[in-house]
Amino acid sequence: MKLARSFYARDARKVAKALLGKALVHIDGGVRRAARIVETEAYHGEDDEASHARFGPTRRAGIMFGPPGIAYVYLIYGRSHCANVVTGTEGCPSAVLLRAGEPIEGCLHSTIGPGNLCRALAIHRDAHNGLDLESDELFVEDGPAPRERIIASPRVNVGFAGSWAEKPWRYTLQGNRFVSKPWPD
DNA sequence: CCAAGGATTGGC
DNA sequence: CCAATCCTTGGA
């Protein structure tokens with residue numbers, strides 16, 4: 001069953017943990033592509049120096065200041081798309097980056113790593129940024145609670161963020177082989 | 001306008 | 001380890 005906006009309207013760290021084990025679904029022109037989410041990262045507040053929201057509501061990151069339950073998809077390094085869900089309350093910028101998944105259905109590529117996950121599910125900035133996750137095209141489906149333990153560790157590739165780089169806001173399912181490198185301790 | 005650098009990936 | 005590749009951002 002599709003998750004409702006109220007699911008996303010909570011602290012990004014809570015949402016990031018709650019997303020583990022659920023299915024990210026893209027109905028791609030009638031073809032269903034889905035992956036079980038096994039790795040997420042929370043970006044929380046304008047003070048978070050690792051977040052795109054650190055410069056305020058700019059053209060790219062402005063969406064993080066808006067209502068929850070919206071897709072935030074951007075292009076990184078000119079080659080990879082990254083999919084996020086906007087969380088929390090309007091005015092307080094926050095989002096959860098979907099970093100890896102376990103293939104369920106219709107996957108076109110490896111689902112390990114944020115850029116690969118988008119490629120596997122055919123998620124693109126131009127088609128999906130700003131899309132409502134209560135739409136019938138892109139959404140997250142509820143599912144049974146994961147059996148694996150949840151591990152919290154520092155976020156990946158945010159060394160530029162000073163002390164914010166140490167926040168343990170990356171969440172992974174322990175022992176799952178689809179978690180990306182670097183593997184947490 | 002220009003320069004710098006990035007929430008990555010894959011190849012050497 | 002490092003380059004690819006283009007978009008976003010801040011500053012002149």
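In what follows, chains are A, B, ... by sequence order, proteins preceding strands, each numbered from 1.
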Given Watson-Crick and G-U pairs under 3.5 Å, DNA chain C in dot-bracket ([ ] crossing, | other strand) is ||||.||||||.

Identify whether any heavy atom of [X] sits under 4.0 Å from a base atom; if not, whether one sits that close to sugar-phosphate; answer base, sugar-phosphate or nothing.
X	answer
A:H109	sugar-phosphate
A:R125	sugar-phosphate
A:F160	sugar-phosphate

Could you state the atom-to-atom distance from OH of A:Y171 to P of B:dA7 in whole Å?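 Roughly 19 Å, once rounded to whole Å.
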
Nucleotide B:dG6, atom P - distance to CZ of A:R79 in whole Å: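 So the two atoms are 16 Å apart, to the nearest Å.
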
In residues 83-99 of chain A, which ones come under 4.0 Å of DNA chain C, going by heavy atoms?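 Per residue number, the list is empty: none.
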
Please work out which residues in residues 35-61 of chain A have a non-hydrogen atom less than 4.0 Å from an atom of DNA chain C and list them by number.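 Correct list: A:F55, A:T58, A:R59, A:R60, A:A61.
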
Tell me, which pairs form a salt bridge (charged side-chain N to carboxylate O under 4.0 Å, His left out) where one or both residues lie in residues 12-35 of chain A, sequence neighbours left out?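 Pairs touching residues 12-35 of chain A that pass the test: A:D11-A:R13, A:K22-A:D142, A:D28-A:R33, A:R32-A:E105, A:R32-A:E141.
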
Which residues pass the side-chain hydrogen bond (donor to acceptor under 3.5 Å, both in side chains) test with [X], not counting sequence neighbours?
X	value
A:D47	none
A:E166	none
A:D132	A:R5
A:E102	A:R36, A:N176

Is A:N157 near enough to B:dT9 that one of its side-chain N or O atoms lies under 4.0 angstrom from OP1 or OP2?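 The answer is no; no side-chain N or O of A:N157 sits under 4.0 Å from OP1 or OP2.
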
C1' atom, B:dG5 versus C:dC2: distance in rounded Å?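 Result for the C1' pair: 15 Å, nearest Å.
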
Please identify the 5'-most and 3'-most nucleotides of DNA chain C with any atom under 4.0 angstrom from a heavy atom of chain A.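 Contacts span C:dA4 to C:dG10, reading 5' to 3'.
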
Determine the minimum heavy-atom distance between A:T111 and A:F178, stating which atoms define it.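 The answer is OG1-CD2, 4.0 Å.
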
Work out which heavy atom in A:Y43 is nearest to a heavy atom in A:D48; give both atom names and the distance.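 Answer, listing the atom of A:Y43 first, then A:D48: CA-OD2, 3.6 Å.
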
Check the pair A:I63, A:N84 against side chain to side chain contact (heavy atoms under 4.5 Å, CB included), reporting the backbone distance first and the verdict last. CA-CA 11 Å; A:I63 191 167; A:N84 302 246; over 6 Å; no

Could you pull out all donor-acceptor pairs under 3.5 Å where a side-chain atom in residues 90-101 of chain A meets a protein atom, sequence neighbours excluded?
from  : atom 1 : to    : atom 2 : distance (Å)
A:S94 : OG     : A:T87 : O      : 3.0
A:S94 : OG     : A:T87 : OG1    : 2.7
A:R99 : NE     : A:E39 : OE2    : 2.8

Does NZ or CZ of A:R60 lie under 6.0 Å from the centre of the six-membered ring of A:F55, at an angle within 45° of the ring axis?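 No, cation not above the ring by the 6.0 Å, 45° rule.
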
Acceptor/donor pairs from residues 70-82 of chain A side chains to any protein atom, 3.5 angstrom cut, sequence neighbours excluded:
from  : atom 1 : to     : atom 2 : distance (Å)
A:Y72 : OH     : A:H52  : ND1    : 2.7
A:H81 : ND1    : A:R125 : N      : 3.1

A:K2 vs A:D136 side-chain heavy atoms within contact, under 4.5 Å: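 In contact.
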
Which hydrophobic side chains are connected to A:F139, either touching it within the sub-4.5 Å cutoff or through other members that do?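 A:V25, A:I27, all in the cluster of A:F139.
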
